[in-house]
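Only one structure is covered here, and it is reproduced in the block below.
Being a predicted model, the structure only gives us computed values, none of them experimental. Both counts, for ligands and for their atoms, begin at 1 and track the order of listing.
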Amino acid sequence: MAKKTTLKPVKAVAKAVATMARVAKKGTAKVTAPAKKGTARVAASVKKPAPRAKKHVFFFGNGKADGDRTMRDTLGGKGSGLAEMTNAGLPVPPGFTISTDVCSVYYAEKGRIPASIEAEIAENLRKLEKAAGATLGSNENPLLVSVRSGAKFSMPGMMDTILNLGLNDQAVDGLKRRTQNGRFAFDSYRRFIQMFGNVVLEIPKDAFEHELDAVKKARGTAQDTDLDETALREVVDRYKKIVRTRASRDFPQDPHEQLRMSRDAVFRSWMNPRAQEYRRIYDIPDHIGTAVNVQMMVFGNTGDRSATGVGFTRNPATGAKEFYGEFLVNAQGEDVVAGIRTPQPISELEKVMPKAYRELREITTRLEKHYKDVQDFEFTIQDERLFMLQTRNGKRTGYAAVVIATDLVAEKLITPKDAILQIDPEALSQLLSPGFDPKEWRAIPVATKGLPASPGAASGHVVFSADEAVKWADQGKPVILVRRETVPDDIHGMFVSQGILTATGGMTSHAAVVGRQMGKPSIVGAGDLEINEAARQFSVNGQTVKEGDFVSFDGLTGEVKLARVASKPSEILQVVNRQLPEDQSDIYRRFNQILTWSDKFRRMGIRANADQPDQSEMAYGFGARGIGLCRTEHMFFGEGRIPIVQRMILADNEPDRRKALAELLPMQRGDFYGVFKAMHGEPVTIRTIDPPLHEFLPKREELMVEIAKLETRQDSSEELEKKLALLRRVEQLHEFNPMLGHRGVRLGITYPEITEMQTRAILEAACQLAKEGLKVTPEIMIPLVGHVKELRDQKAIVDRVAADVMKEQGVKVNYLVGTMIEVPRGAMTADQIAQEAQFFSFGTNDLTQLTFGFSRDDIGKFLRIYQDKKILDKDPFATFDTDGVGPLVRMAVDLGRRARPDIKLGVCGEHGGDPASIHFFEKVGLNYVSCSPYRVPVARLAAAQAALSVRVGD
Ligand code: ADP
Ligand code: MG
Ligand code: MG
């Protein structure tokens, strides 16, 4: 979204305040966030404006800090890291952190900071001036500071930082005199005006870039670093003019005013659209707010003995144990990640500044040991002196997460339990994403190579803007977002893309960081790409690629090819499907290790929702021990079955219907036999027919078209008759609300012969296996029960048929009869239902649908607006609504257990594979969760995390 071009801070505050107020209104309810960061995010309580006496500002400096690593809620991630590093005696420029509470106060007070907090800030500023030996606003010896945002969860590039604050027309001369370096002084000043102008006065960056480019052009230089003092003075003058015309005011010369305005701008940036979008994607609550860090500046732009850089203690793409990062000599902060100059790999630093390099290695190694996790750090070297500016647990790809966690355990830095809590369960699902077939991939020539920022195979249509990406993706087309460099505003486009490809930037550029975090294959810095975003095309080594053309790339090698390439299953999937021996896959071994550890800690069982033997086999391979939902209707769509199913539906008398059912019987028996066998004797829950019957018939409109066509032909009377009969039946079956219509148990009640056939098929398969020596326990599940008498009716049929079959077959098998709890009435009367049901499986999809009254097929039309207006945080069909639907589940669990203490309880809705929802199911004490086969690894890990971080009964 484009920034406003005129100065309207007041309006901006008003808007943000209104939104925050809505958020705050939500009251003090616990907000449950998924365990993306291990356990830390399970429950964060809503913050209320703090009482007077509370401390709001926390100092760090001179080897001592008011805060520490445990205070991330109050200080934000950056502030707590700075405090912790200060306490550890590391070289950190002194400063202070204005707490996240103040952010809430700022919004509650409609953009004003109360005098008591202003006084606390002033007091800390004096302390900082003393520590720094310089004064804010002094012309001779000016204190310069950075104003840095920092929320509890890092949001790379989402909010804004201002450097060199404290400079004005006089102080810049003082800085020059004191450092004997005019170039440096004016470079710092022009950067400050640019950042302040953009962040605080909301003037678009381009306006400044444009002036800088003009000066560079006039001097015939390419790099910022080539500009001398005179040139930079001119840049400063031009920037000040830009401020005057764009913001209708002069650039503020009073450093105290600069500081207040910058602080408020950081608070405002919390509610900017891209930050909100980011929080939505990563499930970060809006109400937690950001802290503001005010810190003495150190300078990487004083000359060739200075530098600035960022790095990781291990490779965040592959997990390899290697020092990893980038730096730029004679540069400041954002230069490295902004992709303006291409940075050097950090290994080069050893050559140019060996002492600082050695110290950096030593410090970061210590930090990794201290935090027991990979550190992502930022540093600046001023005249060969190293300063640490940030450290945090590094974001990483799913692949790296698994490699790093298993390595850290092997190095005895952490325990298996720590490893489990450290890995985002989604990482495991990333590991299952496909790659290219190596042979096919090799056969296509390489168009160019870039930096391999985030692994994975990506193939899709080229688009050149985030908005286009969304447009194409909405049409179901795979897209590759190609940009010169990405900016935080692109986040929505990156989210929907198969992969991200940029022409500039290094391994720590925005595209790289965000790509890795999203698990999107990404290549950055593919310098051969000449991108013309306006013309929507790029050229590379003489070939032109237009919007919509196909591009494929491999994010692990950095190779880009101009073709559409099909991808193939991941290495892990190959092992699971026995196409690759286990001992040939290092990543499988690690993946399996994580899951084996998880199994030791989890309480809940993990089952899969699977309908076919091959799916069941795969689910078993992923570690599912049982099927929680086998949807029999999916089997009706199998090869050659639909005509029989249609005959059954079209029958207008019972004998005809039974005839069709008799034909389906052996097919269903075969299906069940296969599924039982694939589950190696683990329990299998089979649901009797559920959807409205019209789903098996052609659509009314299509039939009418066909009939119209047949009517124009002479020789088609017989076919025409058939179609007309079909149309009549379709019209008879038409329902206004099919999801609330003739479906689920209601079908079994009106057509008992269907339940009979399905029971027979299930029991015959089980008996056959029993004779072959495999003991299986079918669990027959009746859907959509709201009244105990519905279940009683069906159970009588099941028991009767089962007894018949066992007598015929001369074997006995154990089976259970139970029901789904998915209709609110079923949950409310669960004690009565439990008289009949031996198990409950919560069908949370329908239960959510029926509790909210939201049709899950139509929610897409308004969900986004609900989220924008903060009515709903999350899609309740993806993340279980613990507040509203949760009580029904709790009630049904209680009533069910009271009536039948050994009742088996599980969940088979989509939520069964969602980590945040799994935490809730752990709390209510379900026996198992069931999810799609691919989610099984995620569920195993999430269930272990849940068991380690919440208690049954909470
Ligand atoms: P982000 O959260 O976007 O990373 P930061 O607040 O970390 O923003 O600031 C970005 C960069 O600005 C830092 O990596 C660092 O290089 C530079 N920076 C911030 N504060 C200072 C400071 N006090 N002295 C020198 N450089 C700073
Ligand atoms: Mg930073
Ligand atoms: Mg249902």
Side-chain angles (χ1 to χ4, degrees), residues 60-61 75-82 85-86 91-98 128 131-132 134 136 143-167 184 187-188 191-192 194-196 198-199 259 262-263 265-266 269-270 272 274-275 278 290-302 306-312 325-341 343 360 375-383 385-395 487-488 506 508-510 512-514 517:
F60 55 90
L75 303 179
K78 198 178 288 166
S80 86
L82 290 168
M85 287 196 290
T86 303
V92 175
F96 56 86
T97 304
I98 305 172
L128 176 58
L136 188 73
L143 169 68
L144 303 193
V145 296
S146 60
V147 176
R148 317 171 66 187
S149 63
K152 177 171 180 189
F153 305 111
S154 83
M155 300 167 50
M158 286 298 127
M159 293 185 298
D160 300 306
T161 293
I162 294 162
L163 304 181
N164 309 330
L165 186 144
L167 283 175
F184 155 70
D187 183 50
S188 301
R191 287 170 184 273
F192 174 44
Q194 184 168 352
M195 281 184 258
F196 188 93
N198 175 245
V199 176
L259 181 57
S262 301
R263 171 198 69 197
V266 170
S269 74
W270 177 253
N272 74 29
R274 62 172 204 245
Y278 186 94
T290 180
V292 177
N293 299 285
V294 177
Q295 187 176 25
M296 184 188 93
M297 283 301 302
V298 288
F299 300 98
N301 58 333
T302 63
S306 298
T308 181
V310 297
F312 288 82
E326 288 160 334
F327 74 101
L328 274 172
V329 168
N330 195 11
Q332 214 179 23
E334 304 287 78
D335 294 1
V336 181
V337 286
I340 300 165
R341 275 158 68 193
L360 181 65
Q375 294 301 295
D376 166 359
F377 54 84
E378 298 174 9
F379 64 94
T380 283
I381 298 168
Q382 177 176 335
D383 302 321
R385 242 183 97 194
L386 173 72
F387 292 93
M388 297 304 294
L389 291 171
Q390 194 170 338
T391 193
R392 62 182 164 209
N393 293 346
K395 295 194 192 300
V487 293
T508 48
S509 65
H510 181 263
V513 171
V514 175
Q517 189 186 357

Near Q295 (heavy-atom distance under 4.0 Å), the atoms of ligand 1 are 23 (N)
Any heavy atom of Q390 under 4.0 Å from ligand 1? The part involved is side chain
Report yes if the side chains of L165 and M195 come closer than 4.5 Å at any heavy-atom pair, otherwise no.
no
among protein heavy atoms, the one nearest atom 25 (C) of ligand 1 is V298 O, 2.9 Å
N293 vs Q390 side-chain heavy atoms within contact, under 4.5 Å: no
Any heavy-atom pair between the side chains of N330 and D187 that's under 4.5 Å?
no
A student checking ligand 1 against K78 at a 4.0 Å heavy-atom cut-off should list atoms 1 (P), 2 (O), 5 (P), 6 (O), 7 (O), 8 (O)
Closest heavy-atom approach to atom 18 (N) of ligand 1 among L163, N301, L165 is made by L163
In terms of heavy-atom contacts, F299 and Q382 come closest through N-OE1, 2.7 Å
Worksheet item: Are L389 and P93 side-chain neighbours, meaning at least one heavy-atom pair lies under 4.5 Å?
Response: yes
Next item on the list: Confirm or rule out an N/O/S atom of T161, from backbone or side chain, lying less than 2.8 Å from the Mg ion (ligand 2).
Entry: no
Atom 21 (C) of ligand 1 has as its nearest protein heavy atom S146 OG, 3.4 Å
In this structure, the Mg ion (ligand 2) sits at the vertex of an angle between OE2 of E378 and OE1 of Q390 that rounds to 10° as 90°
shortest atom 8 (O) of ligand 1-to-protein heavy-atom contact is with T161 OG1, 3.0 Å
The protein heavy atom nearest to atom 3 (O) of ligand 1 is G157 N, 4.1 Å
| So do M297 and N164 actually touch side chain to side chain, heavy atoms under 4.5 Å? | yes
task: Describe, in one word, how the ring planes of F196 and F192 are oriented to each other, choosing from parallel (under 30°), tilted (30 to 60°) and perpendicular (over 60°).
output: perpendicular
When distances are taken from atom 23 (N) of ligand 1, the protein heavy atom at minimum range is M296 O, 2.8 Å
So for N293 against ligand 1, with non-hydrogen atoms under 4.0 Å, the contacting part is neither
among protein heavy atoms, the one nearest atom 16 (O) of ligand 1 is G333 CA, 3.0 Å
Shortest non-hydrogen pair, V310 vs F379, comes out as N-CE2, 3.7 Å
of all protein heavy atoms, closest to atom 15 (C) of ligand 1 is L389 CD1, 3.7 Å
Within a strict 4.5 Å, meaning less than it, do heavy atoms of the R191 and N301 side chains meet?
yes
All heavy atoms of G76 vs all of A291, minimum pair found to be N-CB, 4.3 Å
Between V329 and A307, the two heavy atoms sitting closest are CA-CB, 3.9 Å
Atoms of ligand 1 under 4.0 Å from any heavy atom of T308, numbered from 1 in the order shown, are 16 (O)
Would you say M155 touches ligand 1, if touching means a heavy atom closer than 4.0 Å?
no
heavy-atom search around atom 14 (O) of ligand 1 in the protein gives E378 OE1, 2.4 Å
